[in-house]
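Proteins come first, then strands; the chains are lettered A, B, ... in the order of their sequence lines, and each starts at number 1.
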There are 2 protein chains.
Amino acid sequence: MPSGPRRATLATVAASAGVSVATVSKVLNGRSDVSPATRSLVQSLLQEHDYVAPSPRREPPGLATVELQFDTDLNAYSTEIIQGAVAAGAEAGVGIVVSIRSGAARTTAWARGLVAAGRRALIAVTGELTSGQPAALARARLPLVLIDPLNLPRTRVTSIGSTNFAGGVAATQHLLSLGHRRIAYIGGPATAACNQARLHGYRAAMEAEGAPVLPGFVRSGHFRFHDGMVSGAAVLDLPHAPTAIFAGCDEVAVGVMEAARARGLRIPEELSIVGFDDTQIAQVTSPPLTTVRQPLREMGGVALRTALRLAAGERVDSHHVELATELVVRGSTAPVPRRA
Amino acid sequence: MPSGPRRATLATVAASAGVSVATVSKVLNGRSDVSPATRSLVQSLLQEHDYVAPSPRREPPGLATVELQFDTDLNAYSTEIIQGAVAAGAEAGVGIVVSIRSGAARTTAWARGLVAAGRRALIAVTGELTSGQPAALARARLPLVLIDPLNLPRTRVTSIGSTNFAGGVAATQHLLSLGHRRIAYIGGPATAACNQARLHGYRAAMEAEGAPVLPGFVRSGHFRFHDGMVSGAAVLDLPHAPTAIFAGCDEVAVGVMEAARARGLRIPEELSIVGFDDTQIAQVTSPPLTTVRQPLREMGGVALRTALRLAAGERVDSHHVELATELVVRGSTAPVPRRA
DNA sequence: CGGTCATGTCGAAAATGTTTCGATGAGCTG
DNA sequence: CAGCTCATCGAAACATTTTCGACATGACCG
């Protein structure tokens, strides 16, 4: 059953406008040898007939792009993801279009716009997803891959993460092995999946060692420097202040460092700090930060390759992949200080 | 005078391959009803005849992209540039494709590839330019905008920078006004224009104050953390060690901090440090870094808008624009210590 | 005023590329 | 061998763009 009245062609429009096919073509291509009157007449008739370009011509092979969308301003974490995606994109011959999510709702129209703009897939980084969004993307046939999603909607979505739980365990065990018992955790949004996994890793390691999680020792935030400073200050001012703090990301760790510095605490002699991510920041602090490395570049690369596989219509082995984290010991951790 | 032997058409290729025009078309469009043998034969003949798709058909409006190319791995500086370009791109409705320059020569073919991939312009960040590259880009009609170029070829190229000289003066004057006289400069590549401007600003301020630039007090590098650590160590180990160091960028400043820390020097009490750029790093060090702010986001935005104007065929007012730098005083600078 | 020339519009026809559909032949089956 | 399937290919129909000549118009000139 062909779709009702055939799709409009130039000939259709030309006939109804009383001009030649050539003229209609010229209007479409913005040629100059068409009088303004004729042009606007043809344009309105094009609209009326819902004219759309015919075959989506063979697209130049290099034209493929993938959108890499962030939910917030770029930071050291984003930089590594971008780097990884760009490197993998260069190999695959697709361009990485970076964007920062604006307030705009992610509607079907938005998804279609991305497709029309030549995007082959969308990679959303640390995003919050409403349940309708995967549906909108599916309608537009735009594959979606998530990196470190804040939440996972019911529908099955492909996502890339790292072994946050294991990382939380490793960080905490490292501190425990140095003799620390009063260890606080300062993390990100309480609802974020990756934050929960790190927190549970911390709790699991503490519990295994029989170390109590003291009241006020677990704090949420937004993974930002400022959160680290504020929460760090709050924790350090407790009567039973911790001797070590496990921060949910490097930026928070640096904020904690600043809070410690403001209180005259020496790091690592009087306070040990472990971060998470191993961004470029970690190598640049004083002292250099002990942290749990997330393979962010690899995650960006894997996300891209997964997105391309989805775009090519292939199945992916698993709808969620976790890359391994690894504890990197630098200078911000030391054995627990002797009681004065 | 038409360009010699007419451009190859499907008919040309079909004739030389001994197949029909239809078959060649199918190969081009990746249709399945072509035998592998025929396909590869046609493909090689397409190559041989330099077949290119004819008219760059009327292009879907949303497809526009601009390439933002970096010469090195992404860092905090890149992040700000990207952020600025992406924000401006979102406003203008063009996508920003980030890429990292590979070893590949920037030939005419490369430039044409970018055009074929839908790029409207190229923004090259802190790149080194050979004289042939602007020519290759011009032949492909791809507008080029430079941000902080390392060198400027003879041909007139549009570029965006900041007032590096004024910034160098401001940083140095700030240190001088705190009573410092033994001030060292640790910068980037000796040939880089932005580095030279900062260095000359430093020299000018020193000279104006009658402060001598002591031997060994000016050092080059690659604007990296490691350079700061090495050159910082070298300068601090001089018999006439400086009381203040002006670093050519924040990352170098952090390296210098690390070198100072390794020598037990307290910052800012025993050593003042000024950085350059005001990337996110500067707010995150201990103590927070006094630095010369470059409006990197604005530079990214201006570069994008300039690139789009060039792509639209408009003239730009000036082929070089410099945005204002601004000294941001934080915690890494203090009055010169009294002689012990 | 009539002739000439430049200019703006337009369409017929040619050029180019894509799609449909039937022809052909190889290989397999019964 | 008849009959069937399947892959491959091209002729022809289509869709669109481009070229080029036709025509009208108006300016300019002698």
Side-chain angles (χ1 to χ4, degrees), chain A residues 1-64 115-116 118 313, chain B residues 1-64 112-113 115-118 141 313:
Chain A
M1 166 176 59
S3 55
R6 295 173 79 87
R7 212 166 42 74
T9 72
L10 291 199
T12 324
V13 178
S16 84
V19 298
S20 75
V21 175
T23 302
V24 180
S25 170
K26 286 170 187 172
V27 170
L28 273 176
N29 292 283
R31 292 278 177 277
S32 60
D33 58 343
V34 182
S35 72
T38 309
R39 185 184 302 277
S40 66
L41 168 65
V42 171
Q43 271 168 343
S44 70
L45 283 171
L46 279 168
Q47 281 243 331
E48 193 171 313
H49 286 83
D50 280 337
Y51 178 83
V52 285
S55 55
R57 311 291 179 143
R58 139 181 40 105
E59 16 207 355
L63 211 145
V115 172
Chain B
M1 169 174 56
S3 55
R6 295 174 78 87
R7 209 167 45 73
T9 71
L10 289 200
T12 325
V13 178
S16 83
V19 300
S20 75
V21 174
T23 303
V24 181
S25 171
K26 286 170 188 171
V27 170
L28 275 175
N29 293 282
R31 293 277 178 276
S32 62
D33 57 344
V34 181
S35 73
T38 309
R39 186 185 302 276
S40 65
L41 168 66
V42 170
Q43 271 167 344
S44 69
L45 284 170
L46 281 168
Q47 282 243 329
E48 193 171 313
H49 286 82
D50 281 337
Y51 178 83
V52 285
S55 54
R57 314 289 180 140
R58 131 183 45 101
E59 21 205 354
L63 214 142
R112 285 200 213 290
V115 172
R141 302 202 180 290

Set of residues satisfying side-chain contact (heavy atoms from CB on, under 4.5 Å) with respect to A:E48, sequence neighbours excluded: A:L45
Expressed as a whole number of angstroms, how long is the span from B:R31:CZ to D:dG10:C1'? 16 Å
Would you say C:dC10 has OP1 or OP2 under 4.0 Å from some side-chain N or O of A:S20? no
Side chain A:R31, main chain A:T23, donor-acceptor under 3.5 Å: no
Does the side chain of A:Q43 come within less than 4.5 Å of A:Q47's, by heavy atoms? no
Of all the nucleotides listed (D:dA15, D:dA11, D:dT17), which has the minimum atom distance to the side chain of A:L10? D:dT17
Rounded to the nearest angstrom, tell me the gap between atom CG in B:D33 and atom C1' in D:dT5. 16 Å
For DNA chain D, the residues among residues 34-50 of chain B that have a non-hydrogen atom under 4.0 Å from it: B:V34, B:S35, B:P36, B:T38
Between atom CG in A:N29 and atom P in D:dT19, what is the gap in whole Å? 12 Å
Which is true for A:V21 with a 4.0 Å heavy-atom rule: it touches a base, it touches only sugar-phosphate, or it touches nothing? base
Separation of A:K26 NZ from A:T38 OG1 (nearest 0.5 Å): 10.5 Å
From C:dT18, C:dG11, C:dT19, pick the nucleotide closest to the side chain of B:K26? C:dT19
A side-chain contact here means heavy atoms from C-beta on lying under 4.5 Å apart; do A:L28 and A:Y51 qualify? yes
Residues passing the side-chain contact (heavy atoms from CB on, under 4.5 Å) test with A:S40, sequence neighbours excluded, are none
Tell me whether the side-chain N/O atoms of B:Y51 come closer than 4.0 Å to OP1 or OP2 in C:dG17. yes
